[in-house]
Protein chains: 2
Amino acid sequence: MSTVEKAISLLNFFTEDTPEWGLSELARQAQFDKATTRRLLVALANSGLIEQHTVTRRYQLGAGLLRLARVRESHFPLLQVAVPVLRDVATATDETVHLSEFGARGLVTVHVEESTKANRVSVANGQILPLHATASGIAFLAFSPSQLAKSYLRKSLTAFTRHTLVQPARLDDAIKAAAEHGYSRGEQGYEDGVFSIAAPILGLDGYAIGSIAVAMPLSRNTKATTERHIQAVRGAAQAISTRLFGEQPTPRQARVA
Amino acid sequence: MSTVEKAISLLNFFTEDTPEWGLSELARQAQFDKATTRRLLVALANSGLIEQHTVTRRYQLGAGLLRLARVRESHFPLLQVAVPVLRDVATATDETVHLSEFGARGLVTVHVEESTKANRVSVANGQILPLHATASGIAFLAFSPSQLAKSYLRKSLTAFTRHTLVQPARLDDAIKAAAEHGYSRGEQGYEDGVFSIAAPILGLDGYAIGSIAVAMPLSRNTKATTERHIQAVRGAAQAISTRLFGEQPTPRQARVA
DNA sequence: CATCCATGGATCATTATTTGATCCTATAGT
DNA sequence: ACTATAGGATCAAATAATGATCCATGGATG
């Protein structure tokens with residue numbers, strides 16, 4: 001562990017629960033010598049990453065972090081973070097993978113990686129996904145503020161195919177299952193012959209900001225592929241959140257019914 | 001400069017304008033040896049403060065910063081940051097200093113440091129300050145979204161004293177002056193015999209989130225004290241912003257008229 | 001009130017890490 | 001094919017980090 005790494009490792013002891021540390025206290029926790037710890041803290045303080053309360057002599061995270069975090073954030077919009085991850089999922093599954101983001105217009109597809117297979121599902125960029133009829137939508141609803149999910153349950157649910165969930169009770173069940181398992185499945189709810197698995201991308205508050213889905217022709221679906229897609233999609237969604245926010249948000253499931 | 005400080009100094013080269021650096025490029029800019037720069041970057045990368053794009057090999061700020069910044073933010077609400085600064089101003093001026101924050105209820109006084117003088121201005125905590133009649137309010141308006149300021153100009157302006165600015169044109173002028181100079185003055189606009197100087201506390205977007213004001217009996221007011229209070233209040237407002245956000249926001253003046 | 005113990009901070013010979021000249025390889029431009 | 005520049009690796013020499021030890025201060029505790 002280099003000196004620099006040691007110094008930075010100290011920063012990670014500062015959390016919401018323990019936002020302040022005394023010198024000895026921190027040295028003990030980090031298992032560094034007290035003198036070493038102090039030198040590291042002083043260096044961090046000179047750089048603005050740490051501040052010392054002049055009265056209590058305790059150490060806290062510094063204001064310098066805020067500027068840096070902002071630069072990072074402005075350089076990393078959802079798309080930029082998500083596209084490489086989507087590509088990985090597309091490569092791993094060789095099925096069409098698409099990302100959607102919830103905004104004013106609803107749940108909009110913002111990026112698609114198409115399968116290389118001849119028989120594949122095509123998804124148009126910019127397409128608005130009905131929340132009740134797609135795996136993406138249900139995954140999103142399952143991790144939305146309860147009010148949003150409930151209000152959707154009361155809406156008139158358009159039937160796009162014979163399989164679209166139009167009975168509130170059925171949709172309710174699907175949302176509950178998605179909330180419980182962390183992913184949703186859609187079987188011909190929007191287009192005939194399409195099977196998909198989706199997982200929510202969580203924002204810092206634990207609510208979904210969008211979703212990521214793998215879509216395949218129903219004919220190709222097997223238990224094994226389903227299982228693989230679930231893993232891939234959930235992993236990808238988590239990876240995106242983590243890269244966007246630096247940590248995995250705690251999920252907040254919608255309480256329907 | 002310690003190794004740790006060198007490493008962290010590298011972080012500061014990453015800005016909104018230049019959010020990515022190549023190794024050699026950065027080494028040149030920072031005036032470190034290329035090998036040194038690389039080792040530092042690797043250490044930072046291992047700690048999550050830097051990430052390297054696997055394809056382009058360029059370096060960017062890492063996701064680890066986000067968590068840290070959030071801890072810092074949650075630990076530093078306005079009050080906690082501002083109170084020590086207010087206290088300094090109070091000590092320096094020996095006049096009553098008060099801080100107000102704009103929220104749903106309007107501009108509310110959230111902290112007061114009273115002068116030790118017998119003849120002093122008293123301000124109640126929790127008091128709601130009329131925007132058009134107080135130095136704090138005008139300083140706030142001058143750095144608000146233009147729409148807010150304009151809509152206020154159209155409202156019926158209550159007269160609290162004979163000196164309250166009730167003519168839109170006069171208020172308009174006061175706002176313009178405050179926008180130009182970065183501080184406002186209030187002379188008996190709310191209470192007779194009170195003179196105050198206020199400066200806006202800017203949020204990251206450059207708009208005011210509140211203000212800080214020094215209030216004194218008009219009788220004690222001289223050119224010299226006014227000048228000192230202006231300096232003190234402006235400095236304090238800037239210090240608070242800087243401590244809250246890690247940098248001084250660029251002011252955004254309201255365009256009235 | 002004296003004592004004790006833990007705290008933050010300073011010192012400095014010893015030790016281990018950082019440093020940077022140099023080399024290697026890959027890639028892009030001429 | 002040649003050149004320039006990139007990122008990255010190496011290792012003896014230089015330097016900075018280390019930690020045992022000491023000091024001063026400030027609560028506790030008897």
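Numbered from 1 within each chain, the chains take letters A, B, ... in sequence-line order.
The nearest pair of heavy atoms linking B/S136 to B/L129 is CB-CD1, 3.8 Å.
We find that NE2 of B/H53 is positioned 14 Å from P of D/dG7, with the value rounded to whole Å. In this structure, A/E5 atom CD and D/dA16 atom C1' are separated by 17 Å, rounded to whole Å. Rounding to whole angstrom units, CG of residue B/L41 and P of C/dT19 are separated by 12 Å. Note: CZ (B/F32) to C1' (D/dG7) measures 19 Å, nearest angstrom. Counting to the nearest Å, the P atom of C/dT18 and the CG atom of B/L44 are 12 Å from each other. If you take CG of A/L40 and P of D/dG19, they are 10 Å apart, rounded to a whole angstrom. Distance CD1 (B/I50) to P (D/dG7): 14 Å, rounded to an integer number of Å. C/dA16 atom P lies 18 Å from atom CE of A/M1, rounded to whole Å.
For C/dT18, neither phosphate oxygen OP1 nor OP2 lies less than 4.0 angstrom from any side-chain nitrogen or oxygen of B/K6. Taking 4.0 angstrom as the limit, B/T36 places a side-chain polar atom (N or O) nearer than this to OP1 or OP2 of C/dG20. Side-chain N/O atoms of A/T3 include one lying less than 4.0 angstrom from OP1 or OP2 on C/dT18.
Defined by atom type and a distance below 3.5 Å, a donor-acceptor pair is missing between the side-chain atoms of B/Q231 and B/H229. Residues A/E25 and A/Q29 bring no donor and acceptor atom of their side chains to less than 3.5 Å of each other. Of the N and O atoms on the side chains of A/S241 and A/Q238, not one donor lies less than 3.5 Å from an acceptor on the other residue.
Salt bridge status for B/E95 with B/R120: absent, with no side-chain N to carboxylate O gap under 4.0 Å. We find that B/E51 and A/R243 are joined by a salt bridge, their nearest charged nitrogen and carboxylate oxygen being less than 4.0 Å apart.
Considering only heavy atoms from C-beta on, A/V97 stays 4.5 Å or farther from A/V112 through its side chain.
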Between protein and nucleotides 4-12 of chain C, map the contacts as a letter string: B base, S sugar-phosphate only, - none, heavy atoms under 4.0 Å, written 5' to 3'.
---SBBSB-
